[in-house]
Amino acid sequence: MVSLPILQFEEKIVQTVQDNPVVVIIGETGSGKSTQLSQIFHRHGYSKSGVIAVTQPRRVAAVSVARRVAQELNVNLGEEVGYAIRFEDRTSPKTKIKYLTDGVLLRESLSNPELSDYSMIILDEAHERSLNTDILLGLMKRLVKLRPSNLRVLITSATLDGNKVSDFFMNCPVLTVPGKLYPVEILYSNERPTSYIESSLRTAIDIHVHEPEGDVLIFMTGQDDIEKLVDKLRDKVQSLEEGSCMDAIVLPLHGSLPPEMQVRVFTPPPQNCRRFIVATNIAETSLTVDGVVYVIDSGYVKQRQYNPTSGMYSLDVVQISKVQADQRAGRAGRTRPGKCYRLYPSKVYQDELLDVTIPEIQRSSLAGSVLYLKSLDLSDIDILKFDFLDPPSSDTLEDALKQLHLIDAIDTSGSITNVGKIMAELPLEPALSRTLLEANEYGCLSQALTIAAMLSAETSLLPGRSKHSEKKRKPPPDLPDGSGLGDHIQLLQIYEYWHQIDYHIGWLKDNDLQVRGMLFVRDVRKQLSQIIQKIAKGNLDVQEAESERERRRDYKNLRKALCAGYASQLAERMTLHNGYRTIGFKSQLVQVHPSSMLRTDDDGMFPDFVVYHELISTSRPYMRNVCAIKVSWVIPIMKKLENLNVNRLSGGSDQVTDGEQRKSSSLLQQKNLAIEQDDRESKIQAARERFLARKAEREQSLGRKAKK
DNA sequence: CTTGTGGCA
């Protein structure tokens, strides 16, 4: 503990912080910055005038670091040293050092914009550049001007962008604290491999045969590649001559692995046995595997990116940045000197890899973040000019404004509305928070809460189609089917059934539903209910009786509420086939994702209009999680689209550009088209719906009986 | 006719 490098710099750090409102600390791995900085300033009296806050990008980190600091100070966790993460606040009035996720700090800033409880805010791991960290960086820049005398801000970062952060904070001082990593020898390939699975395999076996003991960590891009390599590696290791080298264990490691499989990497291997851990970038920062001496770095990573013009996400394999490459290499030097095999030439590292990873804020939809910033009521700030360390493109900001306007969160001049203010208080995507408010008007809040919670679950809850299993798929054993109306309704029905059987875990397992995910959903739903009750200052019906629901099997009100929430995520079916054209974004042809529960009518056709939760481009552009809606609900949204003026939303000039004019006239055509369709098909549509509803009811009651 | 890098309120 005493040997932590950072303690040798204590006086220097304290002195610098005393003289400067913002200081950047470059602390390499093992410097002890996460546990020591807070204690240093606690010792020097900074906790007398307020709490010292340390933010972490991840919940496990906030908890584990707080635990360690409490131990080192020999106090009970939750008293002088505490932490706060979603669903769990372990702090008390005695708390002087508080570890929290940056998401929690953002929420706190909503109710107390000056964050007056804190005398010092330490943004740890800022180089990871999470969306939340980036917003906090912008807020901190304002806050130190508001509280120059009684707030100190520390930002920890990586070597490669310390100066950039310093520039952002008016050339604040940068202190570098060495780490405690052992040297890592970097070995490059002569050329880029044609298949990096094969290349990883060769390198791994080479290490196994020729290098002394020590575990091998291999970075791959995703689950598929990991499974392939794990299989090949196991085969190869088995085929090696008995006694020619030590034993080997091959372990996969990625986020969709069940927790009990993930923790296997924490049990040390038996004597004279080498472990190969084949991992995604989860092992870059989130999980630290002890005993790794060799790292194999493919040089690639999977990244999700957002296209603001089309509203479409894609998951692409891209080259890592130098920061990531260095981070990966560092994983080999935690216990003793190690080696890192980069499966690309040094020239690629030098010339092609970006210095730092493109921050998340430039790769995501910003509707939620923009709403958040608007709700802070920073009167002097035009959102397009908000001072970000790396500003998002104006396309992304305009897209966010447009989406927010379509769901009534901001008015035509871009100011936040009362509806928007309430929405911002809910920890949800704007589409879902808007749905909740609308559902409350229609008397189906309880159902909407469930859907919002289900869609908040980070990973997919439903069973995926396993590839190696037989092709004919069995109908899902017990799962409801959304009455054919789509995936939102199915998610609702699944949760409601689980609720009825008292959250029985066995039922989840029997139906391949993720237990962890569903428990998370239950927590989220509870939290959302509490927040919305508090906002309404009254008794909202968040736990509607089952008998009530039974009478409305077509979920009409609920679907109407979804339509309001997803006003910017509409699609219209093509006349002759089941493809859809998106409305609102640059119009594109998209398909209903094949996993969807949306049902076709007797002619094999999907509904004329749907809302979708997400556009994702994989093998083709798909809508994931769709819900059938009626054309009459769409008309008012079309009208709004037609009158939309993005320039005004962003507080710019009122003049309509040529481009805007063209856009709105084509929207007008869209609208007319929709009305024609309405006339032609409304009767048929009504008949279909009645039919579907009846059929669904029949099936529902049949399903129930069969179970009993 | 088929997706899931990693996080967070």
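Computed from a predicted model, the values in this text were never measured in an experiment. Throughout, a chain's letter reflects where its sequence line sits, starting with A, and its residues are numbered from 1.
Donor-acceptor pairing under 3.5 Å is recorded for the side chains of S38(A) and Y99(A). Remark: the Y313(A) side chain and the S364(A) side chain contain no N/O donor-acceptor pair separated by less than 3.5 Å. At a cut-off of 3.5 Å, with distance as the only test, a side-chain donor of Y306(A) or D399(A) sits close to an acceptor on the other residue. No side-chain donor from either of Q319(A) and Y344(A) sits under 3.5 Å from a side-chain acceptor of the other.
Residue pairs meeting the side-chain hydrogen bond (donor to acceptor under 3.5 Å, both in side chains) criterion with at least one member in residues 423-438 of chain A, sequence neighbours excluded, are D408(A)-R434(A), R434(A)-E438(A), E438(A)-Y442(A).
Between the OH atom of Y372(A) and the P atom of dA9(B) there is a distance of 13 Å, given to the nearest Å. The CZ-C1' distance, from R516(A) to dG7(B), rounds to 13 Å in whole Å. Between the CG atom of L315(A) and the C1' atom of dT2(B) there is a distance of 15 Å, given to the nearest Å. Put simply, CG on L598(A) is 14 Å from C1' on dC1(B), counting in whole angstrom units. Atom-to-atom, CG of N132(A) to P of dG6(B) comes out at 18 Å; the value is rounded to the nearest Å. Between the CD atom of E88(A) and the C1' atom of dC8(B) there is a distance of 15 Å, rounded to whole Å. Rounded to whole Å, atom P of dG6(B) lies 12 Å from atom CZ of R304(A). Here the P atom of nucleotide dA9(B) and the CD atom of Q56(A) are 12 Å apart, to the nearest Å.
For the pair Q527(A) and R620(A), nearest-nucleotide mapping onto DNA chain B gives the more 5' position to R620(A). Ranked by how close their nearest DNA chain B nucleotide is to the 5' end, N281(A) and P427(A) are led by N281(A).
Side-chain atoms of T618(A) lie closest to dT3(B) of the nucleotides dT3(B), dG6(B), dC8(B). For S286(A), the listed nucleotide lying nearest its side chain is dG7(B); candidates were dG7(B), dC1(B), dA9(B). Across dG6(B), dA9(B), dT5(B), the shortest atom-to-atom separation from the side chain of I282(A) is found for dG6(B). Checked against dT2(B), dG7(B), dT5(B), the side chain of H593(A) finds its nearest nucleotide in dT2(B). Comparing dC1(B), dA9(B), dT3(B) by their closest approach to the side chain of Y622(A) singles out dT3(B).
In this structure a side-chain-to-backbone donor-acceptor pair under 3.5 Å is missing from Q303(A) to D316(A).
The side chain of T101(A) contributes an N or O atom lying less than 4.0 Å from OP1 or OP2 of dA9(B). The shortest distance between the side-chain N/O atoms of T280(A) and the OP1/OP2 oxygens of dG6(B) is below 4.0 Å. Checking the phosphate oxygens (OP1, OP2) of dA9(B), a side-chain nitrogen or oxygen of R59(A) falls inside 4.0 Å.
You won't find any donor-acceptor pair under 3.5 Å spanning the side chain of Q303(A) and the base of dG6(B), going by distance alone. Contact annotation: side chain of R624(A) to base of dT3(B), donor-acceptor pair present below 3.5 Å.
S130(A) comes within contact range of no nucleotide atom at all, as no heavy-atom separation falls under 4.0 Å. As judged by a 4.0 angstrom heavy-atom cut-off over every strand, R58(A) is placed among residues touching the sugar-phosphate backbone only. Among the atoms of the strands shown, base atoms are found under 4.0 Å from some heavy atom of E360(A). In this structure, I616(A) reaches neither bases nor backbone, as no heavy-atom distance under 4.0 Å exists between it and the strands shown. Residue S619(A) is in sugar-phosphate contact alone, with no base atom involved, counting any heavy-atom pair closer than 4.0 Å across all strands shown. Across all strands, V104(A) comes closer than 4.0 Å only to sugar-phosphate atoms, never to a base (heavy-atom distances).
dG4(B) adopts a syn glycosidic conformation, its chi angle falling within 90° of 0.
Ring to ring, H577(A) and F606(A) are not that close: their centroids are 6.0 angstrom or more apart.
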